[in-house]
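Heads up, the thing below is written out as structure tokens.
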Amino acid sequence: NMNYIGTWVFHSIATMNDKDEIVFLSAEEYMKAPMPYVDETDEEAVEDELRERKRMVSTHLKVCTDGKLYMLSPLPEGVPQEEVDKAVAAGIITLVDGMMTDRPLMWEERDGELWYDTGIEGELFGEKADSWVKAIDDEGFFIFATTRFVKA
């Protein structure tokens, strides 16, 4: 089932509501949502949070045929192309589809389902925990940490 291949875009992000229930917010809702962890009288802190949220909702996942999975973030606004080119040449950033990415994660198909390596090593009850997780939930969303993505 190769319909995983390609670009997935932000759909919604999991947050806690007032009743400690998990709710998923669309990009628009997330941008407007309260900032319980931010001092909202601190303009700079609010700006940083909004910038981070904007980056989050602009994130793409790219599933490639070679078994690699890239998380793509938009370039920071207002950075001249010349600076971008220099950073790429110096190996500071890697671009895929004109977006910034870190080293790729790996994915594979198991019994017709997409799994990917989160790269997060851990232990569970003293046993080395598997860093691989199933990517697609029952509703067809690609789950990446707290974020749901849909095929573009």
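For the numbers below, each heavy atom of this structure counts, side chains included, while hydrogens, waters and symmetry mates do not. Here the structure is a predicted model, which means the values were calculated and not measured.
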_Strictly by side-chain hydrogen bond (donor to acceptor under 3.5 Å, both in side chains), give each pair with a member in residues 90-101 just once, sequence neighbours left out._
Lys62-Asp97
*Write down the atom of Tyr70, the atom of Asp102, and the distance for their closest heavy-atom approach.*
CD2-O, 4.2 Å
*asked:* Please find the pair of heavy atoms, one from Ser73 and one from Met99, that lie closest to each other, and give the distance.
replied: O-CB, 3.3 Å
*asked:* Under the rule for ring pair (Phe, Tyr, Trp, His ring centres under 6.0 Å), what residues qualify as partners of Phe141, not counting sequence neighbours?
replied: His11
*Check ring pair (Phe, Tyr, Trp, His ring centres under 6.0 Å) between Phe144 and all other residues, then give those that pass, not counting sequence neighbours.*
Tyr116
*Hydrophobic cluster membership, Val150 vs Leu114, 4.5 Å side-chain cutoff*: no
*Joint hydrophobic cluster, Met16 plus Phe24, side-chain heavy atoms closer than 4.5 Å*: yes
_Do the side chains of Glu77 and Arg51 get close enough for a salt bridge, i.e. N-O under 4.0 angstrom?_
no
*Flag the pair Arg110 and Glu113 as a salt bridge only when some basic side-chain nitrogen lies within less than 4.0 angstrom of an acidic carboxylate oxygen.*
no
*Qualifying salt bridge (Lys or Arg N to Asp or Glu O under 4.0 Å) pairs, either residue in residues 20-32, two or more places apart*: Glu28-Lys32
Drop me the distance from [X]'s [atom1] to [Y]'s [atom2], to the nearest 0.5 angstrom.
X: Thr65; Y: Ile5; atom1: OG1; atom2: CD1; answer: 6.0 Å
X: Asn17; Y: Ile22; atom1: CG; atom2: CD1; answer: 9.5 Å
X: Asp117; Y: Ser131; atom1: CG; atom2: OG; answer: 3.5 Å
X: Trp107; Y: Trp115; atom1: CH2; atom2: CH2; answer: 14.5 Å

*Assess whether side chain to side chain contact (heavy atoms under 4.5 Å, CB included) is satisfied between Ile136 and Ile143, documenting all intermediate values.*
CA-CA 6 Å; Ile136 314 292; Ile143 306 293; over 6 Å; no
For a 4.5 angstrom cut-off between non-hydrogen side-chain atoms, does [X] reach [Y]?
X: Ile13; Y: Met56; result: yes
X: Pro104; Y: Leu69; result: no
X: Met35; Y: Leu50; result: yes
X: Phe10; Y: Thr59; result: no

*asked:* The criterion is salt bridge (charged side-chain N to carboxylate O under 4.0 Å, His left out); which residues satisfy it with Glu40, sequence neighbours excluded?
replied: none
*Leu105/Met71 under side chain to side chain contact (heavy atoms under 4.5 Å, CB included): CA gap, chis, key distance, verdict*: CA-CA 8 Å; Leu105 300 172; Met71 187 167 193; over 6 Å; no
*Could you go step by step and tell me if Lys86 and Glu83 meet the salt bridge (Lys or Arg N to Asp or Glu O under 4.0 Å) rule?*
CA-CA 5 Å; Lys86 274 186 194 163; Glu83 276 188 47; over 6 Å; no
*asked:* Walk me through whether Ser12 and Leu25 qualify under side chain to side chain contact (heavy atoms under 4.5 Å, CB included).
replied: CA-CA 5 Å; Ser12 48; Leu25 301 182; 5.9 Å; no
*For Val88, which fellow cluster members are found when Ile, Leu, Val, Met, Phe, Trp and Tyr are connected by side-chain heavy-atom distances below 4.5 angstrom, either directly or through intermediates?*
Leu75, Val79, Val84, Ile92, Ile93, Leu95, Met100
*Flag if over 12 foreign heavy atoms under 6.0 Å of CG, Asp39*: yes
_Is the terminal nitrogen or CZ of Arg148 (NZ for Lys, CZ for Arg) located under 6.0 angstrom from the six-membered ring centre of Phe142 and within 45° of that ring's axis?_
no
_Under 3.5 Å donor-acceptor, Lys151 side chain and Asn3 backbone_ = yes
